[in-house]
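Read the structure below first, then the notes.
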Amino acid sequence: MDLLRNLKILDFSGLLPGPYATMMLADLGAEVLRVESPTRPDLIRTFGGKNFAAHGFLNRSKRSIALDLKKVESIEIVKNLVKEYDIVLEQFRPGVMERLGLGYEVLKEANPQLIYCSLTGFGQTGPYRNRPGHDINYLSIAGLADYSRRKGERPTPQAVQIADVAGGSLHTVIGILTAVLHRAQTGEGQSIDVSMTDAAFALNALFGPGYLVDGVEPKAERMMLNGGSYYDYFETKDGRYFSVGSVEPAFRKQLCEAIGHPELLSVAMSQAPADMHSFTERLKKAFLSKTYDEWLPIFEEFQACVEPVLPFSEACGHPQIKAREMVIEVPKSDGTSQSQIAHPIKFSKGSPSYKHVGGKLGEDTVDVFEALGYSEEQIAELKEKGVF
């Protein structure tokens, strides 16, 4: 079942944040049509190598048309498309779509119920509105990078793009679906302004309020959850790691028993900084006394909120990941399939669907033009003019 089968999205985004958002919506049945430049392909197509698999993942189930948005004919085509594709996502810097003649005020004349979402690094207003940036920059300005590190060490580049995905992609999905619900109730479309920096700043959910209310500055390895306690990663005898998240007393009791030192319980329960430091040091020594394979069966028996740190290859084969069917096969145009990460949300009624992996740039252009009523001669003329 396609849960969002009535949503039709015109996607002008690129790289990671926008495509991840529209992929989530496409998984749930929304019809997504990507608009790409015929001369400047999305860098995600080649980033990391010629056959970068992320493109096939981020653009699954979407169709693609090629349009040179600097051509006047392209602008008219887009205006025709928004009569049907009544949700637009764009990821250009502020003002670019307006200069092209494709801003919200112009396009809503073609469709007053248009939902128009602009996803940018810093938002449509403010002194940084036209400033370039990437995930690492947004996390820095949002205050997250400073206390997400070891004391006395430099911040660590994150392997997962937190501001891009948790900030940009997921908040874009929330914004679009909220506007869709509002439109269903009122008949009104609207514009949406999503800033990845704003969204990253909002992720300071646990420690930000402490500063705003009591002036307590979050600092590296000062709080329980950022390395200031036993809530941390511990090395084994053979150089692998386990994560320890035994925050609740019942789990700390299990942890003490699992490492063979139940007498440490009183120290483990103490909130005194000296005791927390002492308990953490005892944990370090305990974990170094056994290999990874020796610890595994122990922590399978004890429910202490302790889990192994897995490389991605092992994560794919973990029994919980497999049971939740988080790796799926998605059809390719040549009749084969490609392994991809599944949509993470489970529904009691309906389920995500995966039509095909991301295809070639502009492979659906002619079909889309024909559906708009263009003749073969008109399409040939547009091709001749370099519109696509």
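Worth knowing before you read on, the calculation uses all heavy atoms, side chains too, and leaves out hydrogens, waters and symmetry mates.
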S270 side chain to D275 side chain, donor-acceptor N/O pair below 3.5 angstrom: yes
Shortest non-hydrogen contact between A342 and E325, atoms and distance: CB-O, 3.4 Å
Do E307 and S243 pair up side chain to side chain, a donor and an acceptor below 3.5 Å, judged on atom types alone? no
Taken in chain and number order and not counting sequence neighbours, the residues that satisfy ring pair (Phe, Tyr, Trp, His ring centres under 6.0 Å) with Y233 are none
Applying salt bridge (Lys or Arg N to Asp or Glu O under 4.0 Å), run through D364 and R34 and close with a yes or a no. CA-CA 10 Å; D364 302 295; R34 290 203 68 199; over 6 Å; no
Can F242 and Y292 be said to form a ring-ring contact (aromatic ring centres under 6.0 Å, His included), step by step? CA-CA 8 Å; F242 278 80; Y292 178 86; 5.2 Å; yes
Looking only at atom types and distance, does a side-chain atom of R183 sit under 3.5 Å from a main-chain N or O of E188, one as donor and one as acceptor? no
For the side chain of S74 and the backbone of D68, is there at least one donor-acceptor N/O pair under 3.5 Å apart? yes
Is any side-chain heavy atom of Y374 closer than 4.5 Å to one of N80? yes
Indicate whether the side chain of T336 and that of D334 have a donor and an acceptor atom separated by less than 3.5 Å. yes
Hey, is R45 close enough to E36 for a salt bridge, meaning N to O under 4.0 Å? yes
With distance as the sole criterion, is a donor-acceptor pair present between the side chains of Q254 and S246 under 3.5 Å? no
Look at atom NZ of K355 and say whether more than 12 heavy atoms of other residues, nucleotides or ligands are closer to it than 6.0 Å. yes
Pair Y138, F201 - check ring-ring contact (aromatic ring centres under 6.0 Å, His included), show working. CA-CA 8 Å; Y138 312 141; F201 185 76; over 10 Å; no
Y211 atom OH, neighbour heavy-atom count above 12 within 6.0 Å: no
So that I can tick it off, tell me whether R63 and E31 are bridged by a salt bridge, with the cut-off set at under 4.0 angstrom between side-chain N and carboxylate O. yes
Side chains of D232 and T280, heavy atoms from C-beta outward: is any pair under 4.5 Å? no
Under 3.5 Å, is there a donor on one side chain and an acceptor on the other for Q124 and R129? no
Ignoring hydrogens and angles, state whether a donor on the side chain of S353 or D2 is under 3.5 Å from an acceptor on the partner side chain. yes
Shortest non-hydrogen contact from T365 to A66? OG1-N, 2.9 Å
Is the shortest heavy-atom distance from the side chain of F299 to the side chain of I259 under 4.5 Å? yes
Any donor-acceptor pair under 3.5 Å linking the side-chain atoms of E363 with those of S64? no
Answer yes or no: does atom OH of Y128 have more than 12 heavy-atom neighbours from other residues, nucleotides or ligands under 6.0 Å? no
Please check: side-chain N/O of D146 versus main-chain N/O of G143, any donor-acceptor pairing under 3.5 Å? no
What heavy-atom pair brings F57 and Q338 nearest, and what distance separates the two atoms? N-OE1, 4.5 Å
So V82 and Y116, do their side chains get closer than 4.5 Å, heavy atoms only? no
Would you say E263 has more than 12 foreign heavy atoms packed within less than 6.0 Å of its CD? yes
Could you check whether atom CD of E235 has more than 12 heavy atoms from other residues, nucleotides or ligands sitting under 6.0 Å from it? yes
Is it the case that R282 and Y230 place a side-chain donor and acceptor less than 3.5 Å from each other? no
